[in-house]
Amino acid sequence: MLPHVTLPYNGLTLDRAGSRRTDPDWVAVTSGHASALALWRDACLVRDGRPVMVDPPAGAVFLGLDGDRGMFAVDLSEMDEPAALREVGADEVVDVRRLFAGLTREQAATLAYAKGILHWNRNQRFCGACGSPTTSRDAGHLRVCDGCGKLLFPRIEPAVIVLVEAPASPARCLLARHRGAAPDSFSTLAGFVEIGECLEDAVRRELHEEAGVRVASVRYQASQAWPFPAGLMVGFRAVAATDSVAVDENELVEARWFTRDEVVERLAFGNNRVDSIEHFLIESWVRDEG
Ligand SMILES: [Zn+2]
């Protein structure tokens, strides 16, 4: 299996049926033979440790088809927490990433997608141009301004995440301790892509701004769906031009080079970010792959 498919939250197998979800009649018929995930303010409503599935109510967001069966998502955020729990017979509200270990690959991808699309709808209720309310269309994949008619499409916010290698042997990678992180918690460098920037330029800028590192080369590794709430993580391997490091103390406490043995001992298998592309970038470097 290709690396990008093995990454958590990637590889959704639902058929998104993009050309059919624009037809309200088709969506209504499909919702009669369907299930819906229930979320409340970005978290999953859970019963006995499992995501609750309900019959999709009117206005539920269409996620896709599993065979001929529809999969929807419903947002109960307008209720208070006890009412939302009662509504679907749930016993707790759990952050989606906390459920990851108990989900199949497909369930994790579907739940993350549900969280992202519901978050987008809930945060686009008013038009950014004229301030009027907006109305959901295309089963939750488009919103239209009631005032000026502006069309609002779901937005993705790309971020780069980079494993930086030292220019000469012994093989070492750069890891940083971020402000506010635990004393022994080192991680790869990452940052959002800015307007007017390509991915590789974002890698070069982030490494220079945060760690004072000049980059000799940048190579794409893999990307990961990261709808928490609207991310797309794009992973790179970079080679530094020199060993020189000078951290921006507003962002980082320290950044330094780690050998493979040090990474194995101290980091790769001790951190709790097993669902993130960072884990993949570090593990593939430790195995000398990529
Ligand atoms: Zn408007």
Side-chain angles (χ1 to χ4, degrees), residues 9 12 14-32 34 36-45 54-65 70-81 83-84 87-88 93 95-96 109-160 190-199 201-202 205 223-234:
Y9 312 117
L12 184 85
L14 291 180
D15 172 2
R16 292 174 183 249
S19 61
R20 284 182 283 179
R21 70 191 180 205
T22 56
D23 176 357
D25 295 334
W26 181 84
V27 173
V29 169
T30 302
S31 70
L37 287 160
L39 283 88
W40 179 80
R41 301 182 193 176
D42 291 334
C44 187
L45 289 157
V54 297
D55 292 335
V61 170
F62 175 71
L63 300 178
L65 291 172
M71 179 65 78
F72 288 73
V74 58
D75 191 347
L76 301 179
S77 297
E78 292 193 356
M79 299 179 180
D80 63 19
E81 185 174 345
E87 178 73 16
V88 296
V93 172
D95 178 75
V96 170
T110 305
L111 190 54
Y113 168 30
K115 172 174 173 160
I117 191 79
L118 293 182
H119 178 93
W120 175 78
N121 273 279
R122 201 168 65 254
N123 286 273
Q124 299 294 325
R125 288 177 298 166
F126 297 94
C127 175
C130 77
S132 299
T134 63
T135 299
S136 175
R137 281 241 310 264
D138 296 0
H141 293 262
L142 171 67
R143 298 190 72 90
V144 183
C145 174
D146 299 342
C148 70
K150 183 180 168 68
L151 305 180
L152 307 177
F153 294 93
R155 295 294 173 95
I156 309 293
E157 296 162 5
V160 292
F192 285 107
V193 180
E194 296 197 351
I195 290 174
E197 211 172 38
C198 71
L199 297 168
D201 287 347
R205 176 184 52 75
S223 67
Q224 183 186 31
W226 196 250
F228 306 116
L232 168 65
M233 301 301 291
V234 190

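Order of appearance sets the numbers: ligands from 1, and atoms from 1 within every ligand. By convention here, the first residue in the shown sequence is residue 1.
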*Asks:* Who are the side-chain contact (heavy atoms from CB on, under 4.5 Å) partners of Glu78, not counting sequence neighbours?
*Replies:*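 With sequence neighbours excluded, Glu78 shows a side-chain contact (heavy atoms from CB on, under 4.5 Å) to Arg125, given in chain and number order.
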*Asks:* Taking the Zn ion (ligand 1) as the centre, count the protein N/O/S atoms lying under 2.8 Å from it.
*Replies:*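 Protein N, O or S neighbours of the Zn ion (ligand 1) under 2.8 Å, waters not counted, come to 4.
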*Asks:* Just to verify, what does Thr135 make a side chain to side chain donor-acceptor pair (under 3.5 Å) with, not counting sequence neighbours?
*Replies:*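 If we apply the side chain to side chain donor-acceptor pair (under 3.5 Å) test to Thr135, skipping adjacent residues, the hits are Asp146.
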*Asks:* Output all residues satisfying side-chain contact (heavy atoms from CB on, under 4.5 Å) with Arg122, sequence neighbours left out; order by chain, then residue number.
*Replies:*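 With sequence neighbours excluded, Arg122 shows a side-chain contact (heavy atoms from CB on, under 4.5 Å) to Asp42, Asp75, Ser77, His119, given in chain and number order.
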*Asks:* I need the minimum non-hydrogen distance between Thr134 and Cys127, along with the two atoms involved.
*Replies:*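 Between these two residues, the closest heavy atoms are CG2-N, 3.6 Å.
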*Asks:* Heavy atoms only: give me the nearest Ala84-Leu45 pair and the separation to one decimal.
*Replies:*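 Taking Ala84 first and Leu45 second, the nearest heavy atoms are O-CD1, 4.2 Å.
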*Asks:* Regarding Asp25 and Arg20, does a basic nitrogen lie under 4.0 Å from an acidic carboxylate oxygen?
*Replies:*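 The answer is no: the pair does not qualify as a salt bridge.
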